[in-house]
Visitor: 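Just dropping this structure here.
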2 protein chains.
Amino acid sequence: MSEAVAATEAEKPARKQQQRSLVTQHKLLDAATEAFSENGFKGTSTRDIAERAGVHHPLITYHFKNKDQLWRAATDRIFREFNISLVKAMAEVSEADPRARAEAFVRTYVRYAYQRPALHKIILQESSKPSDRLDWLVENHLRPLFDEVVKSLKVLQEMGIAPAGNPALLFNMIRVSAGGLLALSLEIKGTSDIDFDDEGELDKLADMIIRVFFPSSAGD
Amino acid sequence: MSEAVAATEAEKPARKQQQRSLVTQHKLLDAATEAFSENGFKGTSTRDIAERAGVHHPLITYHFKNKDQLWRAATDRIFREFNISLVKAMAEVSEADPRARAEAFVRTYVRYAYQRPALHKIILQESSKPSDRLDWLVENHLRPLFDEVVKSLKVLQEMGIAPAGNPALLFNMIRVSAGGLLALSLEIKGTSDIDFDDEGELDKLADMIIRVFFPSSAGD
DNA sequence: GCTTAATCCTTCCGATCTGGACAAATTCAT
DNA sequence: ATGAATTTGTCCAGATCGGAAGGATTAAGC
């Protein structure tokens, strides 16, 4: 953990954090996010991360203590940003009816999953076997979000908008149809000739999700 | 590749393959499948595989030449078995109507994804970034299967059984709802209190997939 | 059966990479 | 300009990969 971060919970630092330090941390977090999402925790070396960031590798120890803490910092940032994005988007449609809100949720989710594929790739990477990191991820980021969303989904089910059944199961189907598919975009380009970089392709995915999971709506 | 395998495509071997050699290869393939599915290609060491198999590591060089060939052999085996399983299951319902066949497909797919989580985990691992392995996987196993299934799905769409839209996109949603969800089972246990090891939970997933993707059927 | 040669396994080695530690050098806020 | 914050260069002990070389096992032919 960097001194600056530590300072927020300890006594005041004698000196203010330097600008270049923030830049270095930012570069390391970006590089770490990318590397971990591609090769997983075990498959990623701190040297690789440092190289991607264009920085000498001992700086990881200096700023983040070790590989594990760097993973946590990188994951924490990307999930925080995701949550903020989601909350903001939902606030914008707070006046709309439940179905419109559900549609807005799906479209936001799809768009974000496309913009930051690392987010879902990291989930997939870490879910492949038990680990403290997975527990931490579930506890701090996934569970809070899921509980919230599943509650709303339950309402939609009671209104007959969403199909019946375990709402948690339903939500998981929806989110892998969005996030999972986009995390697999490379493979899907090869198997199905679908390129989500193409104009409109992303909307087609969102449309399909809405049509399938919230039927009786024409879905565009 | 082992001498025995090479022999099938070269001139006859002077000697027959020994039994223990087959056992060793089998143990290595099992261990490799498990290790690669958990830690990805880069995150897995040949030492780790050998240790899981209870075998000295130079045997990997002897039987499979190197890590890459071992990955190919392991992946090839698991995908072949999957295809056989699928073909056999579909042959058993060859007389049934299209909807019943679709249901059978989903149930088989779900059951297999549960039994061999490594299959989908390996897909997820390899799709995280471009590689020769991903190309090989797409070309040799994914693409042939997908082309076949998407054709059938198109028919279902024309009959009004499956929702409209790009059939390839639809199929991808279905298969991640099955395989993706089961590959994520560890995470889902933590976030959603759904344990696919519990009796009946697997059927609930299959039911939900059928209900959502092939509506107008009660789905049970 | 007994030999013998192909097949299979084990013990080793060298080069590289791993996460992390440390002190010396540099940069910058005060 | 002073000293803390940051960066750099270097080192370590252990793990990694691929492979060489020789020993053990076993099928095939006598």
Side-chain angles (χ1 to χ4, degrees), chain A residues 1-8 10-29 31-32 35-36 39-74 131-133, chain B residues 1-8 10-29 31-32 35-36 38-73 133:
Chain A
M1 194 155 319
S2 87
E3 296 303 323
V5 176
T8 62
E11 37 270 281
K12 69 182 72 171
R15 284 283 173 93
K16 170 175 137 189
Q17 187 177 31
Q18 296 182 5
Q19 187 60 28
R20 62 175 173 160
S21 149
L22 289 174
V23 172
T24 300
Q25 286 183 19
H26 191 108
K27 285 193 289 186
L28 278 172
L29 287 174
F36 284 135
N39 297 319
F41 184 80
K42 207 177 167 197
T44 300
S45 72
T46 55
R47 252 103 169 168
D48 178 22
I49 294 171
E51 197 168 343
R52 289 182 197 236
V55 143
H56 289 229
H57 83 265
L59 284 180
I60 288 175
T61 308
Y62 177 72
H63 284 288
F64 298 97
K65 173 102 176 139
N66 59 32
K67 187 175 158 183
D68 198 81
Q69 290 300 313
L70 174 56
W71 183 91
R72 261 159 236 261
S131 72
D132 289 347
R133 294 186 302 281
Chain B
M1 197 148 320
S2 86
E3 296 304 323
V5 176
T8 63
E11 37 270 279
K12 70 181 74 168
R15 282 286 174 91
K16 171 174 135 188
Q17 187 176 32
Q18 296 180 10
Q19 186 60 27
R20 62 174 171 162
S21 148
L22 289 174
V23 172
T24 300
Q25 286 183 18
H26 191 105
K27 283 194 290 186
L28 278 172
L29 287 174
F36 285 134
E38 287 180 1
N39 296 320
F41 184 80
K42 207 178 167 197
T44 300
S45 72
T46 55
R47 250 87 172 175
D48 179 21
I49 295 172
E51 197 169 343
R52 289 181 196 236
V55 144
H56 289 234
H57 84 265
L59 286 181
I60 288 176
T61 308
Y62 176 72
H63 284 289
F64 298 96
K65 172 105 175 135
N66 59 32
K67 189 173 153 183
D68 198 81
Q69 291 299 314
L70 174 56
W71 183 91
R72 262 160 237 261
R133 293 185 303 280

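Note that these values count all heavy atoms, side chains included, but never hydrogens, waters or copies made by symmetry.
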Visitor: Over the length of the helix from C/dG1-D/dC30 to C/dT30-D/dA1, how much do the five-pair end axes diverge, rounded to 10 degrees?
Guide: 20°
Visitor: Name all residues meeting the side chain to side chain contact (heavy atoms under 4.5 Å, CB included) criterion together with B/Thr61; count only those two or more places apart in sequence or in a different chain, and write none if there are none.
Guide: none
Visitor: What is the distance, rounded to the nearest whole Å, between atom NZ of B/Lys27 and atom C1' of C/dC8?
Guide: 13 Å
Visitor: Set out, in order, the CA-CA distance, both residues' side-chain angles and the distance that settles side chain to side chain contact (heavy atoms under 4.5 Å, CB included) for A/Leu22 and A/His26, then state yes or no.
Guide: CA-CA 6 Å; A/Leu22 289 174; A/His26 191 108; over 6 Å; no
Visitor: How many whole angstroms separate atom NZ of B/Lys67 from atom C1' of D/dA15?
Guide: 13 Å
Visitor: Please determine if a side-chain N or O atom of A/His63 lies less than 4.0 Å away from the OP1 or OP2 oxygen of D/dT6.
Guide: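 No, A/His63 has no side-chain N/O under 4.0 Å of OP1/OP2 on D/dT6.
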Visitor: Give the ring-plane orientation class for B/Trp71 versus B/Phe41, where under 30° counts as parallel, over 60° as perpendicular and anything between as tilted.
Guide: perpendicular
Visitor: Rounded to whole angstroms, how far apart are NE2 on B/His56 and P on D/dG22?
Guide: 19 Å
Visitor: Could you work out which one of C/dA21, D/dA20, C/dT7 sits closest to the side chain of A/Thr61?
Guide: C/dA21
Visitor: Check this one for me: any side-chain N or O of B/Tyr62 less than 4.0 Å away from OP1 or OP2 of C/dC8?
Guide: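 B/Tyr62 to C/dC8 OP1/OP2: side-chain N or O found under 4.0 Å.
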Visitor: Return the set of residues passing side chain to side chain contact (heavy atoms under 4.5 Å, CB included) with A/His56 (not counting sequence neighbours), or none when no residue passes.
Guide: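 For A/His56 the side chain to side chain contact (heavy atoms under 4.5 Å, CB included) partners, ignoring immediate neighbours, are A/Pro58.
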Visitor: Using only modelled atom types and a 3.5 angstrom limit, is any donor from either the side chain of A/His57 or the base of C/dG20 paired with an acceptor on the other?
Guide: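 Counting by modelled atom types and ignoring angles, a donor-acceptor contact under 3.5 Å is found here.
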Visitor: Nearest whole Å is fine: how far is D/dG18 C1' from B/Gln69 CD?
Guide: 14 Å
Visitor: Rounded to whole angstroms, how far apart are CG on A/Leu22 and P on C/dA29?
Guide: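 Spelled out: CG on A/Leu22 to P on C/dA29 is 11 Å.
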Visitor: Can you list the residues that meet the side chain to side chain contact (heavy atoms under 4.5 Å, CB included) rule with B/Ala35, with sequence neighbours excluded?
Guide: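 Listed in chain order: B/Thr44, B/Asp48, B/Ile49, B/Arg52.
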Visitor: With the threshold set at under 4.0 Å for non-hydrogen atoms, list the residues of residues 40-55 of chain B touching DNA chain D in residue-number order.
Guide: B/Thr44, B/Ser45, B/Thr46, B/Arg47
Visitor: Taking the side chain of B/Pro58 as heavy atoms from C-beta outward, which of C/dC22, D/dC17, D/dG19 is closest to it?
Guide: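 Among C/dC22, D/dC17, D/dG19, the one nearest the side chain of B/Pro58 is D/dG19.
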Visitor: Using side chain to side chain contact (heavy atoms under 4.5 Å, CB included) as the criterion, list what pairs up with A/Ala73, not counting sequence neighbours.
Guide: A/Leu29, A/Phe64
